[in-house]
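These numbers come from the heavy atoms of this one structure, side chains and all, not from hydrogens, waters or symmetry mates. Reminder, nothing fancy here: chain letters follow the sequence lines and each chain counts from 1. Keep in mind that what you see is a predicted model, and the values were worked out from it rather than measured.
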Amino acid sequence: MTQFQGVKGTRDIFPDEISRWHYVEGVVHSVAALYGFSEIRTPVFEYTELFQRGIGATTDIVGKEMFTFLPDPNGRSLTLRPEMTAGVMRACLQKNLLSQAPVHKLWYISDLFRKERPQAGRQRQFTQFGAELLGVSNPAAVAEVLTFMMQVFETLGLHGLRLRINSLGDLDDRARYREALRAYFQPYEADLDESSKERLEKNPLRILDSKNPALQEMITGAPRLYHSLKPESVAEFEQVLAYLDDRQIAYNVDHLLVRGLDYYCHTAFEVTSSELGAQDAIGGGGRYDGLARELGASADLPAVGFAVGMERLMIVMEKQGLFATLNPHGPLVSVVIQQKELAGHAMQVAFHLRKAGIKTEIDLAERSMKAQMRDANRMGSAYALFVGQSEFESGIYALKNLVTSEQTSLDLDAIIEVLREPAARESLRP
RNA sequence: GUGAUUGUAGCUCAGGUGGUUAGAGCGCCAGGUUGUGGCCCUGGAGGUCGGGGGUUCGAGUCCCCUCAUUCACCCCA
């Protein structure tokens with residue numbers, strides 16, 4: 001195979017799939033509007049340092065998954081965005097948005113890039129929608145964002161999702177906990193695997209989400225982050241849970257949930273589906289009050305957000321049969337040309353129909369009538385309009401209803417009248 | 001980056017222990033119906049068997065290398 005091939009980990013979306021995207025995107029749009037979030041779009045690439053600072057230099061994303069390049073020998077290093085939050089925060093700080101109003105509610109749907117080996121539910125270019133709420137991150141704000149996300153899932157009809165939630169505390173809480181964890185794991189250092197040894201130094205919390213079965217016993221015996229939280233942190237977390245209870249959103253508190261991005265603090269959450277295979281996270285998020293300062297702001301900026309993987313969401317929807325009713329209508333009428341000498345006239349007819357607002361198909365490849373009719377049938381046209389010698393001479397066209405097979409002869413104005421009537425649309429087929 | 005898996009027609013796949021012109025179903029095109037679709041019948045087009053090298057009289061089949069795919073690890077959406 002010497003032909004060109006799409007880049008590893010990328011995917012083409014063809015017309016047979018696009019209606020699914022339109023549908024899901026439409027639901028996201030409308031739920032965002034219900035919650036009063038406005039859309040933001042930011043560039044696909046940023047200076048590399050933005051992600052190093054924002055996401056954290058020790059994270060896997062920054063350490064080994066970024067597409068980084070130099071635009072020219074003297075230029076600054078650039079990186080294709082591996083997530084949205086850092087870019088959105090950068091944009092808002094750059095414009096000094098928070099000086100215009102104290103709270104901003106933003107949402108996005110954007111393509112992201114991560115240089116990982118592709119597998120089920122994982123691509124190198126993928127799409128996330130998500131929201132960022134800037135200016136408040138109290139329990140009400142956390143609940144707002146979580147409820148927004150869950151309402152999208154509910155509107156789409158997903159079931160069997162699992163929401164896990166945890167509190168990571170504030171910086172002090174975590175510093176205390178880091179030391180407690182180090183103290184606990186240190187004696188077992190020889191038993192740890194390579195990556196866990198490294199984490200013991202850099203970020204011991206991440207040892208907790210290791211899936212290595214050999215470590216599970218050690219991990220379940222580890223001290224709980226929860227016990228390192230100061231009372232205010234605990235109270236905040238319980239307020240979030242109380243809001244979820246009020247809204248009858250089911251969740252599991254998971255004390256081992258840490259998540260791989262450094263900027264999270266206090267509440268962190270993740271939604272998983274058992275329909276997904278190994279990569280089972282469909283969405284996640286949390287609070288990230290410290291990110292703004294990390295990016296150069298003079299103070300912390302309260303912030304909460306979530307992100308949902310569109311492709312994974314759509315895998316689950318497919319498995320749950322949630323696209324079954326999504327059949328776009330075919331054309332209302334196909335213009336069928338008897339002989340190629342009449343093609344010019346037939347195209348004029350099609351042009352008039354389209355000007356009149358009627359969805360019209362016409363063969364452009366000089367194919368046989370049989371082929372044109374077969375196509376009309378396959379595309380789901382409700383009607384066929386024949387253009388032959390006698391039609392050309394008389395201006396009276398044969399119009400066939402392809403569902404009932406009834407055929408009448410009318411002039412073009414009368415045909416337009418017929419096709420404009422609501423009854424014509426009853427013959428529309430998927 | 002590591003491990004395993006699979007690569008034969010547009011698609012889904014057959015092709016024991018190597019043996020002549022590599023097959024099927026679906027799809028596509030044409031005809032049966034010289035101005036009319038779906039169903040049916042007939043015919044046709046379409047393959048460097050992922051690529052390269054090797055063993056052999058002979059390789060889709062065996063060996064090596066390589067590329068790609070898929071799944072999993074790591075981690076994440």
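- Dashed line: the shortest gap from a side-chain N or O of Gln5(A) to OP1 or OP2 of rA68(B) is not under 4.0 Å.
- A donor-acceptor contact under 3.5 Å links the side chain of Glu391(A) to the base of rG35(B).
- At the heavy-atom level, Glu311(A) lies nowhere under 4.0 Å from the strands shown.
- Of the two residues contacting RNA chain B, namely Asp280(A) and Gly6(A), the nearest-nucleotide position lying further toward the 5' end is that of Gly6(A).
- Nucleotide rG25(B) has rC11(B) as its partner under the Watson-Crick or G-U criteria, with both atom distances under 3.5 Å.
- Counting distance only, with no hydrogens placed and no angle test, the side-chain atoms of Gln407(A) and the base atoms of rU36(B) include a donor-acceptor pair under 3.5 Å.
- Taking atom P in both rU2(B) and rC67(B), the straight-line distance is 11 Å, to the nearest Å.
- Put simply, the side chain of Ser405(A) and the base of rG38(B) share a donor and an acceptor less than 3.5 Å apart.
- When heavy atoms are screened at a 4.0 angstrom cut-off, Lys64(A) is found touching base atoms of the nucleic acid.
- Between the C1' atom of rC29(B) and the CG atom of Asp363(A) lies a distance of 14 Å, rounded to the nearest Å.
- As judged by a 4.0 angstrom heavy-atom cut-off over every strand, Gly130(A) is placed among residues making no nucleic acid contact.
- For the C1' atoms, the distance from rG25(B) to rU61(B) is 23 Å, rounded to whole Å.
- In this structure, Phe126(A) forms an aromatic stack with the base of rA77(B), since both conditions hold: centre separation below 5.5 Å and plane angle below 30°.
- To the nearest angstrom, P of rU6(B) lies 18 Å from CD of Gln119(A).
- Among rA30(B), rU36(B), rC73(B), the nucleotide with an atom closest to any side-chain atom of Ala398(A) is rU36(B).
- More than 12 heavy atoms of other residues, nucleotides or ligands lie within 6.0 Å of OH in Tyr35(A), so this atom counts as buried by the packing criterion.
- Nucleotides rU6(B) and rA14(B) place their P atoms 11 Å apart, quoted to the nearest Å.
- Remark: Arg374(A) is not in phosphate contact with rU36(B), judged by side-chain N or O atoms under 4.0 Å from OP1 or OP2.
- Side-chain atoms of Arg354(A) come within 3.5 Å of backbone atoms of Thr360(A) as a donor-acceptor pair (strictly under, hydrogens ignored).
- Residue whose closest nucleotide on RNA chain B sits further toward the 5' end, between Gln338(A) and Val7(A): Gln338(A).
- Within the structure, every side-chain polar atom (N or O) of Gln372(A) is placed at least 4.0 Å from both OP1 and OP2 of rG37(B).
- Atoms CE (Met369(A)) and P (rU34(B)) sit 11 Å apart, rounded to a whole Å.
- Using a 4.0 Å heavy-atom cutoff across all strands shown, Gln125(A) reaches no nucleic acid atom at all.
- Base pairing analysis places rU34(B) opposite nothing; no Watson-Crick or G-U wobble pair with both distances below 3.5 Å involves it.
- The separation of rU8(B) from rA68(B), taken at their C1' atoms, amounts to 15 Å, rounded to a whole angstrom.
- Looking at heavy-atom distances under 4.0 Å, Arg312(A) makes contact with a base.
- Atom P of nucleotide rC74(B) and atom CD1 of Ile61(A) are separated by 16 Å, given to the nearest angstrom.
- Annotation: Glu154(A), atom CD; neighbour count of heavy atoms from other residues, nucleotides and ligands within 6.0 Å does not exceed 12.
- Taking only side-chain atoms of Arg117(A), from C-beta outward, the nucleotide of rG3(B), rA77(B), rU69(B) with the closest atom is rG3(B).
- Judged by distance alone, with hydrogens and angles left aside, the side-chain atoms of Gln407(A) form no donor-acceptor pair with the main-chain N or O of Ala398(A) at under 3.5 Å.
- Shown are Leu163(A), Val271(A), Val240(A); of these, the side-chain contact (heavy atoms from CB on, under 4.5 Å) with Tyr251(A) is made only by Leu163(A).
- The gap from the C1' atom of rU69(B) to that of rC62(B) amounts to 23 Å, rounded to the nearest Å.
- Between Tyr23(A) and Phe323(A), the ring planes lie perpendicular to each other; the angle is over 60°, past the 30° to 60° tilted range.
- Rounded to an integer number of Å, the gap from Arg122(A) CZ to rA72(B) P is 9 Å.
- rG7(B) and rC40(B) are spaced 37 Å apart, taking the C1' atom of each and rounding to whole Å.
- You'll find that the side chain of Asn377(A) is closest to rG38(B), out of rG38(B), rA30(B), rC74(B).
- Heavy-atom contacts from other residues, nucleotides or ligands closer than 6.0 Å to OH of Tyr184(A) number more than 12.
- With hydrogens and angles left out, the side chain of Ser390(A) and the base of rG35(B) share a donor-acceptor pair within 3.5 Å.
- Distance CZ (Arg11(A)) to P (rU70(B)): 11 Å, rounded to an integer number of Å.
- Within the nucleic acid shown, Arg367(A) comes within 4.0 Å of sugar-phosphate atoms alone, with no base atom in reach, counting heavy atoms only.
- Not a single donor-acceptor contact under 3.5 angstrom links the side-chain atoms of Ser334(A) to the base of rG37(B).
- Taking atom C1' in both rC29(B) and rA45(B), the straight-line distance is 7 Å, to the nearest Å.
- Distance, Ile337(A) CD1 to rG37(B) C1': 16 Å, rounded to whole Å.
- Ala120(A) comes within 4.0 angstrom of the backbone, heavy atoms only, and of no base.
- Scanning atom types as modelled, one donor and one acceptor separated by under 3.5 angstrom connect the side chain of Lys370(A) and the base of rG32(B).
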**Request:** Give the C-alpha distance, both sets of side-chain angles, the deciding distance and a yes or no for ring pair (Phe, Tyr, Trp, His ring centres under 6.0 Å) between Phe148(A) and Phe306(A).
**Result:** CA-CA 9 Å; Phe148(A) 173 1; Phe306(A) 74 83; 5.3 Å; yes
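- For rA30(B), one of the phosphate oxygens OP1 or OP2 lies less than 4.0 angstrom from a side-chain nitrogen or oxygen of Ser368(A).
- Residue Arg162(A) contributes atom CZ, which lies 17 Å from atom C1' of rA77(B) at whole-angstrom precision.
- Ion pair Arg11(A)/Glu311(A) not flagged as a salt bridge, since none of the NZ, NE, NH1 or NH2 atoms sits closer than 4.0 Å to an Asp/Glu carboxylate oxygen.
- A gap of 31 Å separates the C1' atoms of rC71(B) and rG54(B), to the nearest Å.
- Distances from the side chain of Lys400(A) to the nucleotides rA30(B), rG37(B), rC74(B) place rG37(B) closest.
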